[in-house]
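As the structure is a prediction and not an experimental result, all values here were calculated from the model.
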Amino acid sequence: DWPGLPAGAVPDGPQPHHPRQRPNRALPRSGDAGRMTALSTTCREELAAALNQSIEGVQTFAITPPVPPIPGMVIRPDDPYLVIDRVGSRLSCMVALVLTIVTPATDISASVKNAEEMVDLALEHIPTGYSVERISTPTLTDLGAQGSAYTTDVNINAHVTKPREEQNG
């Protein structure tokens, strides 16, 4: 504890730290002016934007919404989410994502055909720099109050490197 401060409070400014520990640093929050966005967030958002601009009538979400759209696409982290290639001045990693394609469950042959057409559309519009690892079989999925839909998972990888820091002056 620091003299004159409530228990648990830490004064502003540089703090002494153990030589084997890193000093605490605030993590950048998405949307903070002048702060870096996480590479994984950038990948999800860029992929969603590319699909939203290219595929008319089908909304793509960069995170899982409370109620999935039918038809629609949702991008979520895969496991493992990040595979680090290099740590240091320029972070380099592979970001693993899953693009879940949601199509209406009408009759089985029409639903599977719709799912296959949506997969083809998504594959045509995935931007350069992303690679597709595998595509799951269309599966009938219970969405609770929304009823059922066919879902197909497309596993996507992006190899990214943190941009170089700009040097001022």
Side-chain angles (χ1 to χ4, degrees), residues 22 25 27-32 35-166:
R22 291 184 178 173
R25 294 183 188 177
L27 294 175
R29 293 182 308 235
S30 183
D32 282 357
R35 297 208 180 181
M36 182 188 81
T37 301
L39 293 175
S40 52
T41 301
T42 301
C43 286
R44 281 187 302 98
E45 290 174 351
E46 285 177 354
L47 181 58
L51 293 171
N52 276 324
Q53 291 171 3
S54 305
I55 303 174
E56 197 172 312
V58 177
Q59 192 168 6
T60 302
F61 290 85
I63 57 170
T64 304
V67 178
I70 303 173
M73 293 186 262
V74 176
I75 300 166
R76 60 183 170 80
D78 200 356
D79 189 23
Y81 187 24
L82 301 174
V83 177
I84 307 301
D85 295 327
R86 182 178 188 297
V87 176
S89 61
R90 291 191 70 199
L91 174 66
S92 178
C93 63
M94 181 195 70
V95 180
L97 303 168
V98 177
L99 173 67
T100 299
I101 297 172
V102 184
T103 55
T106 51
D107 70 78
I108 191 162
S109 60
S111 296
V112 170
K113 183 179 179 205
N114 286 340
E116 292 168 340
E117 289 171 356
M118 288 273 290
V119 167
D120 288 350
L121 270 174
L123 293 176
E124 288 175 25
H125 295 97
I126 291 173
T128 303
Y130 294 82
S131 61
V132 175
E133 187 176 303
R134 66 185 177 275
I135 301 168
S136 72
T137 329
T139 305
L140 188 60
T141 304
D142 181 12
L143 299 177
Q146 274 192 283
S148 296
Y150 273 89
T151 59
T152 306
D153 287 339
V154 179
N155 296 80
I156 299 172
N157 294 327
H159 292 274
V160 293
T161 302
K162 178 183 172 185
R164 291 193 186 277
E165 302 274 333
E166 293 291 324

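Within a 6.0 Å sphere centred on CD1 of I108, other residues, nucleotides and ligands contribute 12 heavy atoms or fewer. Shown here is E124, whose CD atom has more than 12 heavy atoms of other residues, nucleotides or ligands within 6.0 Å.
Note that CD1 of I55 is 7.5 Å distant from CD1 of I101, once rounded to the nearest 0.5 Å. Atom-to-atom distance recorded for D120:CG and H125:NE2 is 11.5 Å, nearest 0.5 angstrom. Once rounded to the nearest 0.5 Å, the distance linking CG of L99 with CG of L51 reads 6.0 Å. In this structure, the separation between OG1 on T60 and CD on E45 is 13.5 Å, given to the nearest 0.5 Å.
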Compile the donor-acceptor pairs under 3.5 Å between side chains in residues 63-83 and protein atoms, sequence neighbours left out, one pair per line.
from, atom 1, to, atom 2, distance (Å)
R76, NH2, D153, OD2, 3.3
D78, OD2, N155, ND2, 2.7

Test side chain to side chain contact (heavy atoms under 4.5 Å, CB included) on L47 and I156; report intermediate values, then the result.
CA-CA 10 Å; L47 181 58; I156 299 172; 3.9 Å; yes

Evaluate the criterion side chain to side chain contact (heavy atoms under 4.5 Å, CB included) for residue pair V160 and T42; output intermediate values, then yes/no.
CA-CA 10 Å; V160 293; T42 301; over 6 Å; no

Decide side chain to side chain contact (heavy atoms under 4.5 Å, CB included) for L121 and V58; before the verdict, give the C-alpha distance in whole Å, the side-chain angles of both, and the deciding distance to 0.1 Å.
CA-CA 10 Å; L121 270 174; V58 177; 5.9 Å; no

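Checked by atom type and distance alone, the side chain of T100 never pairs as donor or acceptor with a backbone atom of V98 at under 3.5 Å. Side chain of S109 to backbone of D107: no donor-acceptor contact under 3.5 angstrom is found.
At least one side-chain heavy atom of L123 sits less than 4.5 Å from a side-chain heavy atom of V132.
When the options L140, V102, T103 are evaluated for a side chain to side chain contact (heavy atoms under 4.5 Å, CB included) with T151, the one that passes is V102.
There is a side-chain donor-acceptor pair under 3.5 Å between T106 and S111.
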